[in-house]
*Asks:* 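Please find one structure pasted underneath; my questions will follow.
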Number of protein chains: 2
Amino acid sequence: MSNNQFKRGELYSVINGMASTAVARRLQKNFRQAGLDITIEQWSILYHLWKEDCLNQQELCNRTFRDKPSITRLIDNLEKQKLVKRMPSKTDRRINLVCLTDAARELQHQTIDIANDTMNEALQGIDREEIEVVKQVLQRVYDNLT
Amino acid sequence: MSNNQFKRGELYSVINGMASTAVARRLQKNFRQAGLDITIEQWSILYHLWKEDCLNQQELCNRTFRDKPSITRLIDNLEKQKLVKRMPSKTDRRINLVCLTDAARELQHQTIDIANDTMNEALQGIDREEIEVVKQVLQRVYDNLT
DNA sequence: TGAAAATAGTTGCATAGCTAACTATATGTC
DNA sequence: GACATATAGTTAGCTATGCAACTATTTTCA
């Protein structure tokens, strides 16, 4: 096979594995070192609820790019840890609203600095315009496939 | 919290979730539609072996950014499907060399077009320089954290 | 109004991820 | 040569992911 044929595969490798894995692991490690018993996946759910509380599960699917069973189980685990509570919607009985507890609101203050520090570390030496390009390209990749 | 405080988190969200999930799912779907019973994770192992056969497991860890137990199980599953074979190294008895079978070599031809088509679809409307920026930024993110 | 289609969420099953603890072999040093 | 240390790989336990099939509601429309 020519080298050319592997260019795309290599890019797949880059987009899919490397950076995201490294960032995720570092963030997880930094949470743990701060004594916070929370996974980055759980954090990413809380992150969206901190921006807008009491989203339903489908909305969390859309915003986190996960499927419904994944959200069901993440919410199960977050409920076990008393960080969120499922509240049945009054207008549509199919819907669960996922609402933050006080404990989760407290967690926001504990994690936001860790997340910012981690991303600053990850983005060291990369300038604003490059970051902008990455965001736009990844957004377009996503749009191309959905 | 100010909007500013969430900029980094948002970028994390973008790098970590969106594009990579979308590409992975599409690739998986395209494999399945072609009747290929293989996961993208398994494919990514084969991808490295097609470039260089008979790597040991630790080397596969390094090249795929996975940890050792993950590789152990991926190789377990690939062996079950008769796509690779563990060969004990003759010079160092701690080491397994992971070598392709004929079936896996055949699979290369069946999957390479699917992978290329998928990446072309994903990268539609994105020009070469932008792709270059993304690759370099993600590489630097990785380097910053390792 | 009543049957079909759409939507929200759950459950079962398989794969994959991470950490920690473990075995086995190899290396380095006194 | 022997003991400490490093390295390769495996196992166990938990969380997370994806798909398919399922239940329960709501909406659509003939």
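Below, chain A is the first sequence line, B the second, and so on; all start at residue 1. Everything quoted here is computed from the prediction, not taken from an experiment.
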*Asks:* Can you tell me if R86(B) touches the phosphate of dT10(D), counting only side-chain N or O atoms and a distance under 4.0 Å to OP1 or OP2?
*Replies:*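 Yes, such a contact exists.
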*Asks:* Out of dT10(C), dC19(D), dT10(D), which nucleotide sits closest to the side chain of R73(A)?
*Replies:*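 Closest nucleotide among those given: dC19(D).
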*Asks:* Could you please spell out the steps behind the side-chain hydrogen bond (donor to acceptor under 3.5 Å, both in side chains) verdict for N144(A) and Q124(B)?
*Replies:* CA-CA 7 Å; N144(A) 280 342; Q124(B) 227 171 4; 5.1 Å; no
*Asks:* If you compare every side-chain N and O of N56(B) against the phosphate oxygens of dT7(D) (OP1, OP2), does one of them come in below 4.0 Å?
*Replies:*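 Result: no.
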*Asks:* Between C1' on dA14(C) and CG on L78(B), what's the gap in Å once rounded to a whole number?
*Replies:*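 Distance check: L78(B) CG to dA14(C) C1' gives 15 Å.
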*Asks:* Answer yes or no: is there an ion pair linking D143(A) with R140(A), defined by an N-O contact shorter than 4.0 Å?
*Replies:*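 R140(A) and D143(A): not salt-bridged.
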*Asks:* Nearest to the side chain of Q57(A) - dA8(D), dT10(C), dA8(C)?
*Replies:*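 Shortest atom-to-atom distance from the side chain points to dT10(C).
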*Asks:* Round to the nearest Å and state the distance from Q58(B) atom CD to dT25(C) atom C1'.
*Replies:*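 Rounded to the whole Å, the gap is 15 Å.
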*Asks:* Phosphate oxygens OP1/OP2 of dG17(C): is one of them under 4.0 Å from a side-chain N or O of R66(B)?
*Replies:*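 Affirmative; the distance criterion is met.
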*Asks:* Can you measure L74(B) atom CG to dA14(C) atom C1' for me and round it to whole angstrom units?
*Replies:*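 Going from L74(B) (CG) to dA14(C) (C1'), I get 13 Å.
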*Asks:* Identify which nucleotide among dA20(C), dA16(D), dA8(D) has an atom closest to any side-chain atom of E41(A), counting heavy atoms from C-beta outward.
*Replies:*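 From the listed options, dA16(D) comes nearest.
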*Asks:* How do K29(A) and P69(A) order along DNA chain C: which one's closest nucleotide is nearer the 5' end?
*Replies:*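 Whichever sits nearer the 5' end wins; that is P69(A).
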*Asks:* Check this one for me: any side-chain N or O of N96(B) less than 4.0 Å away from OP1 or OP2 of dA8(D)?
*Replies:*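 No, because none of the side-chain N or O atoms of N96(B) sits under 4.0 Å from OP1 or OP2 of dA8(D).
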*Asks:* Starting at CG of D67(B) and ending at P of dT10(D), how long is that distance when rounded to a whole Å?
*Replies:*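 One finds 13 Å between P of dT10(D) and CG of D67(B), rounded.
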*Asks:* Regarding T72(A), tell me which of base, sugar-phosphate or nothing describes its non-hydrogen contacts under 4.0 Å with the strands shown.
*Replies:*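 Base contact.
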*Asks:* Base, sugar-phosphate or nothing for Q42(A)? Non-hydrogen atoms, less than 4.0 Å.
*Replies:*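 Sugar-phosphate: the residue Q42(A), judged by heavy atoms under 4.0 Å, touches backbone atoms but no base.
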*Asks:* Can you run down the disulfide bond (SG atoms under 2.5 Å apart) pairs that involve residues 63-95 of chain B, sequence neighbours left out, and say none if there aren't any?
*Replies:*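 Qualifying pairs: none.
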*Asks:* For dG18(D), does OP1 or OP2 lie under 4.0 Å from any side-chain N or O of R25(B)?
*Replies:*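 Answer yes for this pair, as a side-chain N or O of R25(B) is under 4.0 Å from OP1 or OP2.
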*Asks:* Starting at CG of L27(B) and ending at P of dG18(D), how long is that distance when rounded to a whole Å?
*Replies:*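 Rounded to the whole Å, the gap is 14 Å.
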*Asks:* Between Q139(B) and V134(B), is there a donor-acceptor pair closer than 3.5 Å when you use the side chain of the first and the backbone of the second?
*Replies:*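 Not a single qualifying donor-acceptor pair exists.
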*Asks:* Relative to the 5' end of DNA chain D, which residue comes earlier, Q28(B) or D92(B), by the nucleotide with the nearest heavy atom?
*Replies:*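 Nearer the 5' end of the strand: D92(B).
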*Asks:* With the side chain of R94(A) defined as its heavy atoms from C-beta on, choose the nearest nucleotide among dG18(D), dA6(C), dT15(C).
*Replies:*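 Within the option list, the nearest is dA6(C).
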*Asks:* So, the side chain of W50(A) versus the backbone of L100(A): is there a donor-acceptor pair under 3.5 Å, distance only?
*Replies:*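 Between the backbone of L100(A) and the side chain of W50(A) there is no qualifying donor-acceptor contact (under 3.5 Å).
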*Asks:* Is the shortest distance from a Lys or Arg side-chain nitrogen in R26(A) or D117(A) to a carboxylate oxygen in the other one below 4.0 Å?
*Replies:*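 Result for this pair is no, no salt bridge flagged.
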*Asks:* Check the distance between dA8(D)'s P and M87(B)'s CE and give it to me in whole angstrom.
*Replies:*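 So the CE-P distance, M87(B) to dA8(D), works out to 20 Å.
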*Asks:* If I take atom NZ in residue K90(A) and atom P in nucleotide dT25(D), what distance separates them, rounded to the nearest angstrom?
*Replies:*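 Between P of dT25(D) and NZ of K90(A): 18 Å.
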*Asks:* Do the side-chain N or O atoms of S70(A) get closer than 4.0 angstrom to the phosphate oxygens (OP1, OP2) of dG18(D)?
*Replies:*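 For dG18(D), OP1 or OP2 has a side-chain N or O of S70(A) closer than 4.0 Å.
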*Asks:* Out of dT25(C), dG18(D), dT15(D), which has the shortest distance to the side chain of T21(B)?
*Replies:*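 Between dT25(C), dG18(D), dT15(D), the one nearest the side chain of T21(B) would be dG18(D).
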*Asks:* Using whole Å, report how far CG of N62(A) lies from C1' of dG9(C).
*Replies:*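 It is 14 Å, rounded to the nearest whole Å.
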